[in-house]
Amino acid sequence: MCIFATRHQLMNKPGLFLVLALVSLLLLSSRMIAQEITFVASSKSTVETGEQFRIVYELNADGSRFTGPEFGQLRVITGPMTSSSSNIQLINGKMSRSFSQTYTYIVTATSPGDITIGPASVFVDGTKHTSNTLTIKILPSSSGQGQPQNQGNDAARGSADQTSVSDKDLYVRALADKKSVFMGEQVIITYRLYTKVPISNISNIKLSSFPGFWMKNLLDDNAPLQQSRQVINGEEYVIADIRKIALFPQKSGTLRIDPMELECTAQLRIQNDRRRTRDPFESFFNDPFFNRNIVNIDKKLTSGPIEIEVKPLPSSGRPSYFSGAVGQFSIQSSIDRTELKTNEAASISYTITGTGNIELIDLPAPSFPTSFEVYEPKTSVQTRTGSNGVSGIKKIEYLVIPRQTGTFRVPEVALGYYDPLKKEYISLKTQEFQITVEKGSDDSNGRTIISGGQESIRILGSDIRYISTKEPIFKQKNDFLFGSIRYILIISGLFAAFGAALYQMNKSRKLKHDKSLLRNRQATKVARKRLTKAQQFMKQNKQNEFYAEISQAIWGYLSDKFNIPLSSLSISSVQDTMELNQLDQGITAILIETLNNCEFARFAPGDPGRKMEELYNQALDIITKIERNSK
């Protein structure tokens, strides 16, 4: 077959031109296979301590399974970065093609001396090829250099800067909306990421345990990060809030918040250095858009610590019923019915709404009439988190059952809180209720009916006694109960029952008036209810609700068990109380670890379900141990 044609034939027959081009490429490929393969290492022969420079391995074929050398006292900053290029030249009607593949390391010299870098290896078509060795002389660092050498070093540093990320390009900051607050006042801490380069794989986030604070997470950990742009000192950054925490200080003084730590990967695009040739297509293939590599650099970021000055709440103007509420709140009360009959139930609710430490508010119990049977109140809290912090609704519902008829009064309930904006105590009161109780139908059952101030009436249930058809029971004559052994036993039993009833009445009366003792007795019961609710959230994989319920169970148990006011509740006060009650130091250590885990576990890496199960078992175990060992 003849492969020669005139220029006129090529112009009029595009198909013929395509065939000739393919044949030429096949011939050129066969020549490329037969050419000698070279694998050469190159670098600067003399560098200074601390200088960053490149070590390049160049192969004139398509290689695979590259293995780098041991660099000894050189520290590898990044690499190997792989790039490839090909040249097609058409000169005087002759076409030639060359292929080049390079592996580049960027390293820095750590100490002066002469070092030898061994060969690297690569495979081409199943055959192993090794490079030459390199000998590099490392000089002590010197700031005084001539101008020509500076220019060379600047070029080397310019190449290295493409693969380094400075603290100005990527950093994280901890921002507090206020640095001076009152005890119990809300502080919002935002951990914000600033970057000028693309990043990925944000992981290993470590937060402070926030000692001295009660905390609430304001962001969903599983939600994608919300990004925005901000210009700082004339440079544009992409910013994102990694964490946002609402803190409520539980003690006064200067409280320190430890730095936040995280790890991420910065992704840099660097332009390859390519030798310029006489190839007419080089200006196209060497375009920066095509001639770039992506380099991943792992970064560890740390925010600065924050100190919050916490002032004690003022004592002047503080109402007697103040229980530590700080923020802005309102309160409403309601009753489902004001007219009912004896032994019927009524529901009385108190609803607190506002912004602040609403979950820590302890509303004083209403003073119900003594003839009302009052059940343990049902408390529910619905919190909302947003840019302004924590707000929500707390509802306390009482179920009461009147046992006597009459008109009764449920007095108002007072809520006292401190408003940090107005810098004063605010007192709010609910309305009082008047309840009318009439005689119920269950009272007419042949039993004693009690009506206010009236004598008891016994209803026999029948006017005529029917003749008994049962076999009669005869008694021995002169067999009297009085003075017999049975009589003595009955009297003794009555006295014992009377004494036990009297003791129980005194105990109940004392327990009713001693609220701290009542809270102590019910501490375990309330804590187990909260743990049961936390277990339900765990099974439903509701992490935020689970951690909130676990935290309330442990802190509430400690407050009730050891009579610690919520406003004074902190890790230090718990330690002092445990020591005062002579509890074992091992139990105290486990308790402190559990309290820290309540705040830290949700941010720690790992399986969320397993973390929740471990924390649940830990909380249940420490409450059981305290209950067994407390006096």
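Owing to the predicted nature of the structure, the values given are computational and were not obtained by experimental measurement. All heavy atoms count here, side chains included; hydrogens, waters and symmetry mates do not. Residue indices begin at 1 and follow the sequence shown.
Nearest heavy atoms, Lys394 versus Ile358: CD-O, 3.5 Å. Residues Gly304 and Ala174 approach most closely at O-CB, 3.9 Å, considering heavy atoms. Between Trp555 and Val574, the shortest heavy-atom contact is CZ3-CG2, 4.0 Å. Looking at every heavy atom in both residues, Asn357 comes nearest to Gly324 through ND2-O, 3.3 Å. Between Tyr321 and Ser427, the shortest heavy-atom contact is OH-OG, 3.0 Å. Across Val400 and Phe368, no two heavy atoms sit closer than the pair CG1-CE2, 3.7 Å.
Taking the side chain as every heavy atom from C-beta outward, Val187 and Val310 never approach each other to under 4.5 Å. Looking at heavy atoms from C-beta onward, Leu360 lies in side-chain contact with Trp214 at the 4.5 angstrom threshold. In this structure, the side chains of Val326 and Val181 stay at 4.5 Å or more apart for every pair of heavy atoms. The shortest side-chain heavy-atom distance between Ile308 and Lys179 falls under the 4.5 Å cut-off. For the pair Leu225/Ile202, a side-chain contact is recorded, criterion being any heavy-atom separation below 4.5 Å from C-beta on. Between Tyr418 and Lys423 there is a side-chain heavy-atom pair separated by less than 4.5 Å. At a threshold of 4.5 Å between non-hydrogen side-chain atoms, the residues Thr588 and Glu579 do not count as touching. Contact annotation: the side chain of Ile435 approaches that of Ile335 to within less than 4.5 Å [non-hydrogen atoms, C-beta and beyond].
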For the pair Asn217 and Ile245, evaluate side chain to side chain contact (heavy atoms under 4.5 Å, CB included) and give the outcome as yes or no after the intermediate values.
CA-CA 5 Å; Asn217 190 15; Ile245 311 292; 3.6 Å; yes

Please assess Phe562 against Ile626 for the test side chain to side chain contact (heavy atoms under 4.5 Å, CB included), listing each intermediate value before the final yes or no.
CA-CA 11 Å; Phe562 300 107; Ile626 294 175; 3.8 Å; yes

Starting from the C-alpha separation in whole Å, work towards a yes-or-no answer on side chain to side chain contact (heavy atoms under 4.5 Å, CB included) for Val437 and Thr407.
CA-CA 6 Å; Val437 181; Thr407 300; over 6 Å; no

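No donor-acceptor distance shorter than 3.5 angstrom exists from the side chain of Ser208 to the backbone of Ile257, with no hydrogens or angles considered. Without hydrogens or angle criteria, Ser323 side chain to Asp362 main chain gives a donor-acceptor distance under 3.5 Å. Distance alone, capped at 3.5 Å, is enough to place a donor-acceptor pair between the Asp177 side chain and the Ile188 backbone. In terms of modelled atom types and a separation under 3.5 Å, the side chain of Glu339 and the main chain of Arg337 share no donor-acceptor contact. Between the side chain of Thr532 and the backbone N or O of Arg528 there is at least one donor-acceptor pair closer than 3.5 Å. Panel note: side chain Gln186, backbone Ala246; no donor-acceptor pair is recorded below 3.5 Å. Panel note: side chain Arg318, backbone Leu313; a donor-acceptor pair is recorded below 3.5 Å. A distance-only check finds a donor-acceptor pair linking the side chain of Thr342 to the backbone of Gly440 [under 3.5 Å].
The pair Glu627-Lys561 meets the salt-bridge criterion, since a charged nitrogen lies less than 4.0 angstrom from a carboxylate oxygen. Glu376 and Lys529 are joined by a salt bridge, as a carboxylate oxygen and a charged side-chain nitrogen come within less than 4.0 angstrom of each other. With salt bridges taken as basic N to acidic carboxylate O contacts below 4.0 Å, one links Glu549 and Arg530.
Counting only N and O atoms by type, the side chains of Glu438 and Thr405 include no donor and acceptor under 3.5 Å apart.
By the neighbour-count criterion of 12 heavy atoms within 6.0 Å, atom CD of Gln585 is sparsely surrounded, having that number or fewer from other residues, nucleotides or ligands. More than 12 heavy atoms of other residues, nucleotides or ligands sit less than 6.0 Å from atom CD of Glu373. By the 6.0 Å contact criterion, CD on Glu424 is enclosed, its count of non-hydrogen atoms from other residues, nucleotides or ligands being greater than 12. Within a 6.0 Å radius of NZ in Lys429, other residues, nucleotides and ligands contribute 12 heavy atoms or fewer. Shown here is Lys178, whose NZ atom has more than 12 heavy atoms of other residues, nucleotides or ligands within 6.0 Å.
Screening Tyr417, Phe329, Phe322 for a ring-ring contact (aromatic ring centres under 6.0 Å, His included) with Tyr425, the sole residue that qualifies is Phe322. Put simply, the residue from Gln618, Lys611, Arg610 that forms a side-chain hydrogen bond (donor to acceptor under 3.5 Å, both in side chains) with Glu614 is Arg610.
One distance of note links CG of Leu595 with OG of Ser551; it measures 8.0 Å at 0.5 Å rounding. Interatomic distance, Phe537 CZ to Asn544 CG, rounded to the nearest 0.5 Å: 10.5 Å. For the atom pair Leu558 CG and Met578 CE, the distance stands at 7.0 Å (nearest 0.5 Å). Atom NZ of Lys625 sits about 9.0 Å away from atom OG1 of Thr594, to the nearest 0.5 Å. Atoms CG and CG, on Leu591 and Leu583 in that order, are 9.5 Å from each other to the nearest 0.5 Å. Atom CD of Gln434 and atom OG1 of Thr338 lie 8.5 Å apart (nearest 0.5 Å).
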Name the atoms and distances for all side-chain donor-acceptor pairs under 3.5 Å in residues 349-356, with sequence neighbours left out.
none

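In this structure, the salt bridge (charged side-chain N to carboxylate O under 4.0 Å, His left out) partners of Arg256, at least two apart in sequence or on a different chain, are Asp258.
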